[in-house]
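Worksheet for the structure shown next.
Counting starts at 1 for both ligands and their atoms, following the listed order.
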Amino acid sequence: MSAIKNVTVVGASGTLGVPLVKALQESGFHVTALSRAGSPSSPPPGVEVKKALKAALTGQDALVSVITTTATGEQYPFIDAAIAAGVKRIVPSEFGINTRTVPHPGLRAMLQSKIKLVDYLQEKSGENPDLTWTGICNSFFFDSIKRGSGFGFDLKTKKATIIDSGDEPFDVATLSFVAKAVAAVLSAPEKTANQYLTVSGTVTTQNELLAILREETGGDWKTEKVAADKYEETGNDKMARGTTRPSGTSCTSCSSATGRARPSRPPANELLGLEREDTRTALKALLAGASF
Ligand SMILES: NC(=O)c1ccc[n+]([C@@H]2O[C@H](COP(=O)([O-])OP(=O)(O)OC[C@H]3O[C@@H](n4cnc5c(N)ncnc54)[C@H](OP(=O)(O)O)[C@@H]3O)[C@@H](O)[C@H]2O)c1
């Protein structure tokens, strides 16, 4: 397979999109953004923006979608247009837990559109040897700790909700780590073709994060212990009343409940030449950039 040079990104102005574009540009890729006609956002500097599918995909080697979670079912037109334009590699908007093996029924239901899209890519690449795909599982965005009650920690009120023992290890990755992983995938197209890869920034626990937060933000954190089942039950009630984001409760619970979290496949860090992140260093950098 020839080298990838030109990359179209869907969702270039988004949470992952901005660091992704930076990482792709730093790795020498030429980036074009495919954006919605009525998009209110502007993609990062140095990126050519196209609103029409054909124009955005003609002459491109790869399509990377980092479209928002709720629009992951809307990726089929891009995929079909990319195949028609002869795009060689498609990276769908996955970037969470491994949707190939998701064990939690609530999350499985929530992730149906992602699951079906990877099935579709598998089918299409089976029919067309020139088309390849790579799915990326990075577990949880570490940066989510800055928002609301990410991982059970509310930075504003210094309240920690510890699920089960708090000692359950789970994987997190900063947005910049995930962005580098995508650039590494596109830099090694042969090694990464038609695979669902798991990468890991670092492995941590709620108790480890709480200890670092106590040291870095002052010791006066209030903690509440909750059993995972109870936490989910309360979250489901809130979800039904529309007072919490659909994925928040399940994700926090999924990451921290006893026996739930570890990825089922070994990380592809080595394959991609990615060094693990240091939990404390990464958390300190996130805290420094947080507004609370
Ligand atoms: N692992 C984790 O913890 C975690 C956390 C959050 C997200 N994720 C995953 O990461 C991927 C990217 O998510 P993200 O949070 O970076 O996305 P985001 O910032 O919410 O949105 C990315 C882009 O999607 C485009 N878009 C298309 N249709 C849209 C619509 N109907 N509403 C809003 N935006 C729309 C927008 O680009 P234009 O305006 O240019 O069209 C937007 O900038 C998703 O697969 C998501 O599930 C993972």
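For Q122, the side chain to side chain donor-acceptor pair (under 3.5 Å) test picks out R100, with sequence neighbours left out.
Checked for salt-bridge contact, D61 and K88 meet the test: a charged N lies under 4.0 Å from a carboxylate O. Using a 4.0 Å cut-off between charged nitrogen and carboxylate oxygen, E216 and R280 count as a salt-bridge pair.
Other residues, nucleotides and ligands contribute at most 12 non-hydrogen atoms within 6.0 Å of the NZ atom of K116.
For the residue pair R276 and T202, no side-chain donor N or O sits within less than 3.5 Å of a side-chain acceptor on the partner.
Protein residues having a heavy atom under 4.0 Å from any atom of ligand 1 are G11, S13, G14, T15, L16, S35, R36, S39, S41, V66, I67, T68, T69, A71, S93, E94, F95, G96, K114, N138, S139, F140, F141, listed by chain and number.
Classification of the Y196-W133 ring pair by plane angle, with boundaries at 30° and 60°, yields tilted.
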